[in-house]
Protein chains: 2
Amino acid sequence: MDTIGIGLLGFGTVGRGVYRVLQQNRELITNRLGATVEVRKVLVRDPEKDRGIEVPPDLFTADPAAILTDPAVQIVVEVVGGIEAARRYVVEALTRGKSVVTANKDLLAAHGQELFAAAAATGADLFFEASVAGGIPIIKILKEALAGNRIIEVMGIVNGTTNYILTKMSEEGAAFETVLQEAQAKGYAEADPTSDVAGLDAARKIAILASIAFNSRIKLEDVYVEGITRVTPADIRYARELGYVVKLLGIARETPEGIEVRVHPALVPVAHPLAAVRDVFNAVFVRGDAVGDTMFYGRGAGELPTASAVVGDIIAAARNIRYQMRGTTGCTCFETKRVKPITAVETSYYLRLRVTDRPGVLAGIAAAFGNNMVSLAAVIQKTTGEIAELVLVTHRVREANLRAAVEELRRLPTVEAVANIIRVEEWYGG
Amino acid sequence: MDTIGIGLLGFGTVGRGVYRVLQQNRELITNRLGATVEVRKVLVRDPEKDRGIEVPPDLFTADPAAILTDPAVQIVVEVVGGIEAARRYVVEALTRGKSVVTANKDLLAAHGQELFAAAAATGADLFFEASVAGGIPIIKILKEALAGNRIIEVMGIVNGTTNYILTKMSEEGAAFETVLQEAQAKGYAEADPTSDVAGLDAARKIAILASIAFNSRIKLEDVYVEGITRVTPADIRYARELGYVVKLLGIARETPEGIEVRVHPALVPVAHPLAAVRDVFNAVFVRGDAVGDTMFYGRGAGELPTASAVVGDIIAAARNIRYQMRGTTGCTCFETKRVKPITAVETSYYLRLRVTDRPGVLAGIAAAFGNNMVSLAAVIQKTTGEIAELVLVTHRVREANLRAAVEELRRLPTVEAVANIIRVEEWYGG
């Protein structure tokens, strides 16, 4: 029976999870793979530290070379996080012909091209399932299971923290700041929550998914990003009244004018499969020209769900080593496609305005939309005293036109404020 | 550039879909695979028939040997359906060392063991993604992506016809027979709908999924099966009042006392991800010890969704041929596990009784439950004239106890009828 040696770089939450899963399912994995996977070394800063998990102490090393140069380590698992050290380790491992499994989306976003080139040079495998949507095997699904499809769109709830916040805001009517503090107390949000709530984490993930789906390298800079900080309980309430829920979506769509790739809050129809995705769960909705509408749901983070993805990759890498068939699914960016600017995107919009409650107000507003070829699908008006809140949903229109209409609205004396604008993702499928 | 030759056995709905997808995405597939996939021959009964799709006429043959013995055909795609001829073709193809892709769950259920043995003998690949849940790549997910997990349960809506019927019954309040006729008119249900509505189609699929999930051969005879014919609009209404929807589920679960594997209507909490799966859509919910709760959603049937799965398998088989790495994921039934009888299953139950509206009725009924250690979680009573309808939901209990309680109920003079009993699948996850 073959034994395949693993070197773990890092022993934080994910590293410990990987070690645990490999131990607890050792026999099962051996039977499924037809080979044994053995952790040979674990890179940590302080090998003496007590980690509250039973690991033979001689497994720990503080010397990366003890892993990267050991011929008995065939698969290097990078779960050290960060960018610079991780990059050096991964490039060295690949250059030495070792297969690499990483969970590091920041590394891929920053240096993906270099890493894939290093892998291609030695024919080593580079797998990264855990970098997007934790336990959901969306990368394998896109690269392999749906490989017969031209992918039309990928739309995902790929950040658990913001989905938790929006779920709580929606179900408890609480304000963003209140729920954020609660999420921080529970450990669902970081002390500095910017990367999550500003949409950057989701943007990195949708860039990876878009690159795979459309076979063209999409970089973080290509992604239009808006976070959830401006979403209010009022917006969520109006959305529900109109038949929608508010979700932070990563959206990637191929259109004849180029690829749309964006992260922003969006109104999603309650009947859409993504609307039912609550709490910290993630889900990725994929539309293919053959398969139609599909959705893949699960936990996007956490020790064991992330470890599930890493161990799945380890098993795939080990199988390829065992059968001497590595490097068969490398970088799939064989095309170069144009990315559409956000102003060229066509979608529907939800707008919440504060207006003076006076005759003729609506006529002026309607004219501002009409002048810019924006037509309206729904209007709600709520009046309190002299000020009315006006909520509008447009039909599908080019964002440039919507922006021009909003400029006109802002100049109207009857419009006190354009309080919020949120894009609407209609669902025509089913 | 390599070219890999395909022989299509059958040119019905799925066969045409496979041909269409391979043509329309030819360049994309070539780029993703690094090789060209070429349909060399198509087996049909009448090569002269006009099929309303552009295919070079010399591709058609009525002679299976023209495909099975052609060295230029490396992958045989069996979409001819039925069992006997399909079995002969598949065994011959595998014996000649050709990889086989099949969409035929009946064939697998009846002769899976023989086919896997034939594949193992020559090291050929045998793929069957399309046999379960159409476009949802659940087999690849279970065999590969989640291979690091001990699977705890698989629970699926794997029959589109019955999900369509239950959705319509639920949303329109219509009776089973009415909706069935409508489904037949739309082509969603067969003229003889028995296999679907009696749960047999779902049973074949859950047997395949259970075998893969638990690495033990589960046969159709192992599956406890109840169909949806006894579900009434009243049951669906009461279920909604109690916070559930009614779905036909295939359930496979590993417990310390053996494997549970069953198909029956079930009450599912509205917050469960499966509850939102409407219409002809399928979804498979999988709980793994590492990944936690996941769900995979999509179309379970139809020309192009099924073709998506078949073409995904063709690409995988072609990649393995190209890299000379076939036979790496054969039969995974390396264990032999006991299947639990249905009477040993523990779950909750919904019961609808017709009772005489008389003092003391509930006391007698409660005693029948209490005598058999069945405790109640919810009771609804609706009275019309002399007869009351009593709806009960039990706590978790062994089915044998529930059955004994029902026997006692039937002997009570105040109980006119036990009108229906439906199992309840609670969801503790989230």
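Naming convention: chains lettered A, B, ... in sequence-line order (proteins, then strands); numbering from 1 in each chain.
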Which of the residues A:Gly17, A:Gly302, A:Gly148 is involved in the greatest number of heavy-atom pairs with chain B at under 4.5 angstrom? A:Gly148
Can you check side chain to side chain contact (heavy atoms under 4.5 Å, CB included) on B:Ile136 and A:Thr294, steps first, answer last? CA-CA 7 Å; B:Ile136 307 172; A:Thr294 59; 5.7 Å; no
Tell me the closest heavy-atom pair linking B:Ala145 and A:Lys140, and the distance in Å. CB-CD, 4.0 Å
Heavy-atom proximity to chain B below 4.5 Å, by part of A:Glu335: side chain
Name all residues meeting the salt bridge (charged side-chain N to carboxylate O under 4.0 Å, His left out) criterion together with A:Glu153; count only those two or more places apart in sequence or in a different chain, and write none if there are none. A:Arg253
What residue in A:Asn282, A:Ile29, A:Val277, A:Asn149 has the most heavy-atom pairs under 4.5 Å with chain B? A:Asn149
If you count heavy-atom pairs within less than 4.5 Å of chain A, which of B:Glu303, B:Arg322, B:Gln24, B:Arg278 leads? B:Gln24
Top contributor to chain A contacts, counting heavy-atom pairs under 4.5 Å, from B:Pro273, B:Ala276, B:Ala316: B:Pro273
Between B:Asp289 and A:Asn25, a side-chain donor and acceptor under 3.5 Å: yes
Closest non-hydrogen contact found for A:Arg150 with B:Leu28 is CA-CD2, 3.6 Å
Given that the side chain runs from C-beta out, which part of B:Glu129 has a heavy atom under 4.5 Å from chain A: side chain, backbone, both or neither? neither
Would you mind telling me which of B:Pro137, B:Gly288, B:Ala147 has the largest number of heavy-atom pairs within less than 4.5 Å of chain A? B:Ala147
Are the side chains of B:Asn215 and A:Arg32 in contact, using a 4.5 Å heavy-atom criterion? yes
So which bits of residues 304-313 of chain B come within less than 4.5 Å of chain A, counting non-hydrogen atoms only? B:Leu304, B:Pro305, B:Ser308, B:Val311, B:Gly312
Checking A:Thr167 now: which residues fulfil side chain to side chain donor-acceptor pair (under 3.5 Å) with it, not counting sequence neighbours? none
Apply ring-ring contact (aromatic ring centres under 6.0 Å, His included) to A:Tyr323 and list each qualifying residue two or more places apart in sequence or on a separate chain. none
Contact part of B:Phe334 toward chain A, heavy-atom cut-off under 4.5 Å: side chain, backbone, both or neither? side chain
Under a 4.5 Å heavy-atom cut-off, does chain A meet the side chain of B:Ile315, its backbone, both or neither? side chain
Between A:Leu146 and chain B, which part of the residue has a heavy atom less than 4.5 Å away: side chain, backbone, both or neither? both
Which heavy-atom pair separates B:Ala290 from A:Val21 by the least distance, and what is that distance? CB-CG2, 3.8 Å
